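Note sheet for the following structure.
Just so it is clear, the structure is predicted and the values come from calculations on it, not from any experiment. We use all heavy atoms of the structure for the numbers below, so side chains are in, but hydrogens, waters and symmetry mates are not.
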Amino acid sequence: MTNQTGSRILHPDNIAGVVLIAVAAWLLTKVTDMPYMSALLPVAMLCTIIGLSALMILRNLIKSGAVSVNPVFTSLPRFALVVACVAGYVISVANAGFYTSTLLMLPVVSWLFGYRKLKGIALATLIFVGGIALIFLVLMNQSLPPEFFQS
């Protein structure tokens, strides 16, 4: 019985959840210097990550032995690919700008994780980037960091 409880605590989803919560909490401390309207989206996203990670951990800790819960992180290589994609995106945003990085990263990540409908990838990318541009540039009158070709 103790072994089953120990394996639940050290379940890969729980470890990933704790890491995500810690990183998101640390990143929340970095947005305090941003203007209120510019910090709104990062704070909302980071709080959502914390909440969803906590739910993932809770789900694993309260499941009964009779109920099988599919793990979120089933493969270390896929999880490592996620971490590499996030790191690449952060570096890309810092060097190339948000819009350029997002226009490139969304289709690449979609393709890497198995979505192969080019029309769907293009549509989702345009809707997402267009929606962000509409929200920030038009509705909130806030500009994001300049693109590499605007510097």
**OP:** State yes or no: do L126 and M105 share one hydrophobic cluster built from I, L, V, M, F, W and Y residues joined by side-chain heavy-atom distances below 4.5 Å, directly or via other members?
**Re:** no
Subject >> V93-L104 co-clustered via ILVMFWY side chain contacts under 4.5 Å >> reply: no
Subject >> Other cluster members, L123 - Ile/Leu/Val/Met/Phe/Trp/Tyr, side-chain contacts below 4.5 Å >> reply: I127
Subject >> Other cluster members, I121 - Ile/Leu/Val/Met/Phe/Trp/Tyr, side-chain contacts below 4.5 Å >> reply: W111, Y115, L118
Subject >> Contacts of type side-chain contact (heavy atoms from CB on, under 4.5 Å), residue L61, not counting sequence neighbours >> reply: I9, N14, I57
Without placing hydrogens or testing angles, list every side-chain donor-acceptor pair under 3.5 Å for residues 85-92, not counting sequence neighbours.
residue	atom	partner	partner atom	Å
Y89	OH	T102	OG1	2.5
S92	OG	S101	OG	2.6

**OP:** Looking only at non-hydrogen atoms, find the nearest pair between S110 and L106 and report the distance.
**Re:** OG-O, 2.8 Å
Subject >> Contacts of type side-chain contact (heavy atoms from CB on, under 4.5 Å), residue A94, not counting sequence neighbours >> reply: none
Could you list the donor-acceptor pairs under 3.5 angstrom formed between side-chain atoms of residues 41-50 and any protein atom two or more places apart in sequence or on another chain?
residue	atom	partner	partner atom	Å
T48	OG1	A44	O	2.8

Taking only distance into account, with no hydrogens and no angle test, what donor-acceptor pairs under 3.5 Å do side-chain atoms of residues 24-37 form with protein atoms, sequence neighbours excluded?
residue	atom	partner	partner atom	Å
T29	OG1	W26	O	2.4
T32	OG1	T29	O	3.2

**OP:** Find the distance between CG (D13) and CZ (F79) and round it off to the nearest 0.5 Å.
**Re:** 9.5 Å
Subject >> ILVMFWY cluster membership beyond L52 - transitive side-chain contacts under 4.5 angstrom >> reply: L55
